[in-house]
Every structure is written in C-alpha cells, then in structure tokens.
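Everything below concerns the one structure shown next.
Convention: sequence-line order gives letters A, B, ...; per-chain numbering from 1. Values in this document were obtained by computation on a predicted structure and should not be read as measured data.
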Protein chains: 2
Amino acid sequence: MMFTTKTEYGMRAMTSLARNKGKTPLSLAQIAKENHISVSYLEQLMAKLKANDLVKSSKGMAGGYRIYRPARNISVFEVVEALEGPLSLFYCMSEDARKMICSRGKCLTKRVWQELQKNIIGTLRKFKLSDLI
Amino acid sequence: MMFTTKTEYGMRAMTSLARNKGKTPLSLAQIAKENHISVSYLEQLMAKLKANDLVKSSKGMAGGYRIYRPARNISVFEVVEALEGPLSLFYCMSEDARKMICSRGKCLTKRVWQELQKNIIGTLRKFKLSDLI
DNA sequence: ATAACTCCTAGTAATATACTAGGATATTAT
DNA sequence: ATAATATCCTAGTATATTACTAGGAGTTAT
C-alpha cells in the first residue's frame, strides 16, 4: 500500500463535508458515524485538514466542521498532501536529502522517480473534490 | 515516502549487474560493497529478484549473480514489483478486498486511485534498466 | 449552569521495515 | 577428499510508522 488510512478516512470526511455545504456544520461525531471511523482518530485528521485551510470549524454547541472552499476548487492532491505530508517517493527526493552523495553526481535512477512523482502529482491535481460527490 | 529502501537497494544491485553483463558473476559481497548495503539484507532482496526471474545465480567458488535478461528488456516496474510486491495504492484496491462494502456500490473516489495506479504503472513500465546505466 | 461541541497532548497497540545471526547446502580449485 | 568460497534458508530482533485510545481544557448556544 502506498497511501495510509489517513487519506482513505480523510477523503471520506471531505466528501461528507462537500455534500453538506450550506447546511449547519457537521460535528466530528456525525462525520465519524457516517463513515465508520473512530471519533478521536478522525479528530486528528481534521486538525491536519484545518491546518491546511481545507476545512473551518466552529466551537461550542451546534458547532462542527464546514468545507472551506467550493469543492471544485479543492484538488485531491491538496487533501492527500494535507494528510500524508509532502510527497516524496524516496528519501533521496526529500527536502533534507540535499547533502546526499548520490545527489551530487548525476543519478539516472532519480530521473525515473522525478518523472513518476510529476505524474502522480499531476493526476492528483487534475481531480477535484467536486468530481467525487 | 512511498517506496522503501528495498527498491532503492534493489535497483542499485540491478544496475550493478546490468553493467557487469558478460563478465564473471558478481558475488553478494561485491554488490554489497559497491553499493554500501549490508550483505545479509541484500541477500534477501536478491532472493526476491531471483524468484521473479530477474537475476540468476551460481553457487560455489567463483559463483555469484548475473542479470537474467538484457537490460533493455527489464522495466523498472518489474524490479519494483518484485521487491515491493504487487502495487495497490489502498486496501480497497488489493486482491483480497473484493468483499468490501465500498466495492459493491459505485465508489467515485476509487476511480481516482485507479487512474493514478494506471499512470504509475505506465511510467514505471516505460523506463527500462538500460536507461539507467 | 450545563450540554454539546472543538482543541490539545500524551500515551499505547499493532504492524511493517530494516536489519542481524547462524547454519545448511552446493560448487570448484587444489 | 577436503577446504575454500559461494548461495540458500530460517528465525530471530531493533526501529519506525501507523492506527488508534484516553483524558482533560477551552468555547459557545441555550
């Protein structure tokens, strides 16, 4: 598996919120029940989504979560990256790998991973949340 | 990270073998030293590569590993799949997920993962080992 | 006040990855 | 034959990541 349940659950939550647009906000309990996810685990995923401005929340009674932007302006890539962190297929392609030996010379293999990563991001960007509801 | 060091190390080993074509076989010790990998861990990776007919081995003195086919006939996808196992981005896309609830109805999100998976495999198939040496 | 919420932190359980260790087995040079 | 040099095979263990659980503090409508 390349993606974790974080993405699986987070995407479900986002589609629930997208469908709920305009109505009163959805509480964690509601989203969790609707998608068969544990409440406190979902909570942590929602925190990531919120930190990336994909959802907004209101506290207190009758509070809950709303989608931040229209679903057609949110790409699957944004959701995935918010939940899984920045995509890098290998360590050698991550931010803190600048000093690696292999990155000094010309590494042919790296080109494969770079093209692959470009393709993956491109595909994920192409799909919007509105395509999924 | 989406891929593990298995792929990273395994690819290095394969390129070493591709470059060594025609000469006397490379021993585990040689491959390991050349690529800064532990011998006994590499051993396990070579077993996977062998099981998938990507390399052949000869035992005894002056034995070692040879590449099985010409490098231009081996795609990066084959190497990756041999080492990481069959690619499935999510559990819902794996072989043993047929009975899942979501796979009965029409799951729009699944289409995204399916197209993504198609792209990934396509890209990995496009690159041959001969492109990397 | 209190009920219904989000927010925040610190755990723990389960699983997967990345190794290590040691012996069995095969092949070849001497 | 036998010793040297290899692969082969299995069973461990260390580390890291994932997938949760638990408990309390803060916020807001009624």
Side-chain angles (χ1 to χ4, degrees), chain A residues 1-13 17 20 23-33 35-52 54-66 68 80 83-91 94 96, chain B residues 1-13 17 20 24-33 35-52 54-68 80 83-91 94 96:
Chain A
M1 314 281 168
M2 295 178 105
F3 294 106
T4 66
T5 59
K6 283 195 285 249
T7 293
E8 211 164 332
Y9 298 167
M11 284 292 296
R12 288 192 219 161
L17 291 176
N20 192 64
K23 304 176 194 166
T24 55
L26 286 178
S27 71
L28 280 174
Q30 286 175 297
I31 303 170
K33 195 179 176 190
N35 297 291
H36 309 97
I37 315 171
S38 125
V39 176
S40 44
Y41 192 38
L42 176 65
E43 195 184 309
Q44 293 168 31
L45 306 182
M46 296 308 291
K48 287 170 192 268
L49 294 172
K50 196 189 171 187
N52 285 270
L54 294 170
V55 302
K56 56 188 163 189
S57 64
S58 45
K59 285 182 174 183
M61 216 175 182
Y65 290 89
R66 280 203 179 88
Y68 203 102
V80 171
L83 294 162
E84 304 271 1
L87 176 72
S88 64
L89 300 181
F90 289 95
Y91 175 71
S94 67
D96 57 325
Chain B
M1 315 283 169
M2 295 179 105
F3 294 105
T4 67
T5 58
K6 283 194 285 253
T7 294
E8 211 165 333
Y9 298 166
M11 284 293 296
R12 288 192 221 162
L17 291 176
N20 193 63
T24 55
L26 287 177
S27 71
L28 280 175
Q30 286 175 298
I31 303 171
K33 195 180 175 189
N35 296 291
H36 309 98
I37 315 170
S38 125
V39 175
S40 44
Y41 191 38
L42 177 64
E43 195 183 309
Q44 291 168 33
L45 306 182
M46 295 310 291
K48 287 170 193 268
L49 293 171
K50 196 190 170 185
N52 285 270
L54 294 171
V55 301
K56 55 189 164 188
S57 65
S58 47
K59 285 183 172 182
M61 217 173 180
Y65 290 89
R66 279 204 178 88
I67 201 160
Y68 204 101
V80 170
L83 293 162
E84 305 271 1
L87 176 72
S88 64
L89 300 180
F90 289 96
Y91 175 72
S94 67
D96 56 324

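The interatomic distance linking A/Lys33 (NZ) with C/dC5 (P) rounds to 12 Å, in whole Å. Distance A/Glu84 CD to D/dA19 C1': 12 Å, rounded to the nearest Å. The distance between atom CG of A/Leu42 and atom P of C/dC5, rounded to the nearest whole Å, is 14 Å. Atom pair A/Leu83:CG and D/dT18:P shows a separation of 12 Å (rounding to whole Å applied). Distance CG (A/Leu26) to P (C/dA4): 17 Å, rounded to an integer number of Å. Taking atom OH of residue A/Tyr41 and atom P of nucleotide D/dA22, one finds them 16 Å apart after rounding to whole Å. One interatomic measurement links the two molecules: CZ of B/Arg66 to P of D/dA6, which rounds to 14 Å at whole-angstrom precision. Distance B/Lys48 NZ to C/dT17 C1': 11 Å, rounded to the nearest Å.
Counting non-hydrogen atoms of other residues, nucleotides and ligands closer than 6.0 Å to OH of A/Tyr41 gives a total above 12.
Note that CE of A/Met2 is 6.5 Å distant from CG of A/Leu89, once rounded to the nearest 0.5 Å. B/Leu42 contributes atom CG, which lies 13.5 Å from atom NZ of B/Lys6 (distance to the nearest 0.5 angstrom). Residue A/Gln30 holds its CD atom at 7.5 Å from CG of A/Asn20, rounded to the nearest 0.5 Å. Summarising the geometry, atom CG belonging to A/Leu45 is positioned 9.0 Å from atom OH belonging to A/Tyr9; distances are rounded to the nearest 0.5 Å. To the nearest 0.5 angstrom, A/Leu49 atom CG is 12.0 Å from A/Gln44 atom CD. Rounded to the nearest 0.5 angstrom, B/Lys56 NZ and B/Leu17 CG are separated by 11.5 Å.
Taking a 4.0 Å limit (strictly below) on heavy-atom distances, residues 54-64 of chain A reaches DNA chain D at A/Lys59, A/Gly60, A/Met61.
Considering only side-chain N and O atoms, B/Tyr65 lies under 4.0 angstrom from the phosphate OP1 or OP2 of D/dC8. Proximity of B/Tyr9 to the phosphate of C/dA18: no side-chain N or O atom is located under 4.0 Å from OP1 or OP2. The shortest distance between the side-chain N/O atoms of B/Ser38 and the OP1/OP2 oxygens of C/dT20 is below 4.0 Å. Here A/Lys50 does not reach the OP1 or OP2 of C/dT6: none of its side-chain N or O atoms lies under 4.0 Å away.
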_Run A/Leu28 and A/Tyr65 through side-chain contact (heavy atoms from CB on, under 4.5 Å) and show every step you take._
CA-CA 8 Å; A/Leu28 280 174; A/Tyr65 290 89; 3.7 Å; yes

Nucleotide by nucleotide, nucleotides 9-16 of chain C touches protein heavy atoms under 4.0 Å in the pattern (B base, S sugar-phosphate only, - none) -B------

Considering only nitrogen or oxygen atoms on both sides, find all protein atoms under 3.5 Å from nucleotides 14-17 of chain D and state each distance.
none

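Ring pair B/Phe90/A/Phe3 is parallel by interplanar angle, where below 30° counts as parallel and above 60° as perpendicular.
For A/Thr24, there are no side chain to side chain contact (heavy atoms under 4.5 Å, CB included) partners two or more places apart in sequence or in a different chain. Contacts of B/Lys50 classified as side chain to side chain donor-acceptor pair (under 3.5 Å), with partners at least two apart in sequence or in another chain: B/Ser57. Considering only residues two or more places apart in sequence or on other chains, B/Glu84 meets the side chain to side chain donor-acceptor pair (under 3.5 Å) condition with B/Thr4, B/Thr7.
Within the 4.0 angstrom heavy-atom criterion, only backbone atoms of the sugar-phosphate kind lie near B/Thr5; the bases stay farther away.
Residue-to-nucleotide proximity on DNA chain D shows that, of A/Lys6 and B/Leu28, the 5′-proximal contact is made by B/Leu28.
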